[in-house]
Amino acid sequence: KWNRCDQTAQCSDGSDEDQCNLFKSLMAELQPRLEKFSSHPASVASLSWLVSKVPHPQLSELVPRLLPHLLNITDSWMPHYKVAGARMMGHVIKTSPASELQFYGRAELLEESLARLLGHTDSQVVEAAGEPLLALTSIRHEASRPSEPGPGDQLMQELVTRLELASDKDTREVVAAIMEQLLPILGLGVARWVSRLSRTFISLLAFSPPVSLFRMLSSITRMCPECVARELGDLLPALVKFVYQMSWRQESQGQPTEAAVSLASICILELATCDQECARLLCHDLENLPPVNKTFDTVVTELLSVITSA
């Protein structure tokens with residue numbers, strides 16, 4: 001049957017009805033094993049393979065049968081099952097029309113299940129939940145006005161909290177990457193998050209901040225410079241201190257300049273353009289600073305050039 005299914009899925013002249021009936025037959029055969037999938041681990045792999053072979057519109061007819069299994073698999077205590085369930089949910093979301101996901105309430109159901117995975121301790125589980133969550137949020141946030149909070153703001157709230165509580169570097173990297181991809185979905189609505197994100201960003205500079213945070217700060221600076229200007233008094237000194245400490249440490253140990261230092265240097269120059277007068281006051285007497293190292297001295301020279309160009 002599996003060989004026949006593979007051939008049918010790839011055959012262009014087979015009827016849609018025959019394909020759909022075959023998929024339903026295979027689902028019925030898997031049903032008893034999926035109900036106790038922890039005792040039959042191959043059933044999850046088989047379901048994942050089957051779901052990946054089902055195109056639209058056949059998948060739409062199978063979604064009502066799939067959802068209970070996907071929710072059950074994703075709710076397992078074993079991380080690899082959670083990952084498999086999240087990936088299958090992602091395929092359903094990608095394949096199903098947005099109108100169908102929303103009309104039948106599937107978007108909210110899937111989003112609730114995936115959002116719970118953001119709090120998992122395994123970074124692979126969080127990463128698997130990220131892409132489908134972003135896809136669902138994009139669908140649901142589309143109708144929101146930039147002036148009003150929407151589903152994108154709810155996801156940002158979850159992600160910021162998760163980032164602040166994350167204790168390991170891998171999880172921080174994954175969560176920050178998801179946040180970076182959420183910015184285009186929020187659009188101008190990201191202005192509501194500038195203050196909160198600035199505080200979180202500054203607190204993470206003391207550790208090993210994900211490089212995604214620097215790219216995110218650059219994006220926010222370009223999207224709403226007026227809002228970022230209000231946080232300049234805290235952000236600019238924190239970034240200059242970060243570049244100073246990291247560049248000194250890397251040079252003393254003979255290490256090459258890390259991407260984080262290069263991106264932080266770019267952020268410093270971009271921030272200075274938001275409010276040059278404020279930046280000028282913050283950089284008072286900086287030109288009299290004795291040489292530190294090539295990287296930091298270059299940043300200081302470029303910063304002074306920006307704030308004196310007005």
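These values consider heavy atoms only, across backbone and side chains, with no hydrogens, waters or symmetry-generated copies.
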Check for a donor-acceptor pair, side chain of [X] on one end and backbone N or O of [Y] on the other, with a separation under 3.5 Å.
{"X": "Asp153", "Y": "Gly150", "value": "yes"}
{"X": "Glu111", "Y": "Thr137", "value": "no"}
{"X": "His141", "Y": "Gly152", "value": "yes"}
{"X": "Arg140", "Y": "Gln102", "value": "no"}
{"X": "Arg33", "Y": "Ser43", "value": "no"}
{"X": "Gln124", "Y": "Val83", "value": "no"}

Going by side chain to side chain donor-acceptor pair (under 3.5 Å), name the residues that satisfy it together with Gln31, two or more places apart in sequence or in a different chain.
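For Gln31 the side chain to side chain donor-acceptor pair (under 3.5 Å) partners, ignoring immediate neighbours, are Glu35, His69.
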In chain order, what residues pass the side chain to side chain donor-acceptor pair (under 3.5 Å) check against Arg199, with sequence neighbours excluded?
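For Arg199, the residues satisfying side chain to side chain donor-acceptor pair (under 3.5 Å) (neighbours in sequence not counted) are Ser195.
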For Val63, which residues count as a side-chain contact (heavy atoms from CB on, under 4.5 Å) partner, sequence neighbours excluded?
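side-chain contact (heavy atoms from CB on, under 4.5 Å) check on Val63 returns Leu59, Leu67, Val92, Ser96, Arg106.
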Only counting residues at least two apart or in another chain, list the ones meeting side-chain contact (heavy atoms from CB on, under 4.5 Å) with Ala86.
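Ala86 satisfies side-chain contact (heavy atoms from CB on, under 4.5 Å) with Leu114, Leu117, Ala128 only.
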On a heavy-atom basis, which atom in [X] and which in [Y] lie closest, and how many Å separate them?
{"X": "Ala98", "Y": "Ile139", "value": "CB-CG2, 3.8 Å"}
{"X": "Ile268", "Y": "Val243", "value": "CD1-CG2, 3.8 Å"}
{"X": "Glu131", "Y": "Lys94", "value": "OE2-NZ, 4.1 Å"}
{"X": "Met89", "Y": "Ser113", "value": "CE-OG, 3.5 Å"}
{"X": "Ser212", "Y": "Glu173", "value": "OG-O, 4.5 Å"}
{"X": "Ser46", "Y": "Leu30", "value": "CB-CD2, 3.9 Å"}

Reported [atom1]-to-[atom2] distance for the pair [X] and [Y], which is rounded to 0.5 angstrom:
{"X": "Ile93", "Y": "Leu136", "atom1": "CD1", "atom2": "CG", "value": "3.5 Å"}
{"X": "Cys278", "Y": "Leu232", "atom1": "SG", "atom2": "CG", "value": "4.5 Å"}
{"X": "Ser52", "Y": "His91", "atom1": "OG", "atom2": "NE2", "value": "6.5 Å"}
{"X": "Leu66", "Y": "Leu47", "atom1": "CG", "atom2": "CG", "value": "6.0 Å"}
{"X": "Leu271", "Y": "Thr273", "atom1": "CG", "atom2": "OG1", "value": "7.5 Å"}
{"X": "Glu112", "Y": "Leu71", "atom1": "CD", "atom2": "CG", "value": "9.0 Å"}

Taking the side chain as C-beta and beyond, is there a heavy-atom pair between [X] and [Y] under 4.5 Å?
{"X": "Met88", "Y": "Val44", "answer": "yes"}
{"X": "Val240", "Y": "Leu282", "answer": "no"}
{"X": "Ser144", "Y": "Pro151", "answer": "yes"}
{"X": "Leu217", "Y": "Leu235", "answer": "yes"}
{"X": "Leu197", "Y": "Val194", "answer": "no"}
{"X": "Leu303", "Y": "Cys283", "answer": "yes"}
{"X": "Leu183", "Y": "Met156", "answer": "yes"}

Linking Ile, Leu, Val, Met, Phe, Trp and Tyr by side-chain heavy atoms under 4.5 Å, what else ends up with Phe103?
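Via sub-4.5 Å side-chain contacts, Phe103 links to Tyr104.
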With sequence neighbours excluded, what pairs up with [X] under the salt bridge (charged side-chain N to carboxylate O under 4.0 Å, His left out) test?
{"X": "Glu180", "value": "Arg215"}
{"X": "Glu270", "value": "Arg222"}
{"X": "Asp275", "value": "none"}
{"X": "Glu277", "value": "Arg280"}

Solution key, residues 163-170 side-chain donor-acceptor pairs under 3.5 Å, sequence neighbours excluded:
unit_1 : atom_1 : unit_2 : atom_2 : d
Glu164 : OE1    : Arg196 : NH2    : 3.1
Glu164 : OE2    : Arg196 : NE     : 3.3
Glu164 : OE2    : Thr200 : OG1    : 2.7
Asp168 : OD1    : Thr171 : OG1    : 2.8
Asp168 : OD2    : Thr171 : N      : 3.0
Asp168 : OD2    : Thr171 : OG1    : 2.8

Are Leu205 and Trp248 grouped together when hydrophobic residues (ILVMFWY) are joined by side-chain heavy atoms under 4.5 angstrom apart?
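As far as the 4.5 Å side-chain criterion goes, Trp248 and Leu205 are not connected within one cluster.
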Connected via hydrophobic side-chain network under 4.5 Å: Leu281 and Leu286:
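No; tracing contacts between hydrophobic side chains, which count when under 4.5 Å, never links both residues.
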Flag yes if more than 12 heavy atoms outside [X] fall under 6.0 Å of its [atom1] atom; otherwise flag no.
{"X": "Glu108", "atom1": "CD", "result": "yes"}
{"X": "Leu188", "atom1": "CG", "result": "no"}
{"X": "Arg87", "atom1": "CZ", "result": "no"}

Test side-chain contact (heavy atoms from CB on, under 4.5 Å) applied to Thr221 and Cys267, step by step:
CA-CA 8 Å; Thr221 303; Cys267 288; over 6 Å; no
Test Ile178 against Val126 for side-chain contact (heavy atoms from CB on, under 4.5 Å), laying out the working first.
CA-CA 9 Å; Ile178 298 173; Val126 180; 4.3 Å; yes
Enumerate the residue pairs fulfilling ring-ring contact (aromatic ring centres under 6.0 Å, His included) with a member in residues 175-203, sequence neighbours excluded, ordered by first and then second residue.
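Output for this query lists Phe201-Phe214.
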Distance-only criterion, 3.5 Å: show the donor-acceptor pairs between side-chain atoms of residues 291-300 and protein atoms not counting sequence neighbours.
unit_1 : atom_1 : unit_2 : atom_2 : d
Asn293 : OD1    : Ser247 : OG     : 3.4
Asn293 : OD1    : Thr295 : N      : 3.2
Asn293 : OD1    : Phe296 : N      : 2.8
Asn293 : ND2    : Ser247 : OG     : 3.1
Asp297 : OD1    : Val292 : N      : 3.0
Asp297 : OD2    : Val292 : N      : 3.3
Thr298 : OG1    : Lys294 : O      : 2.7

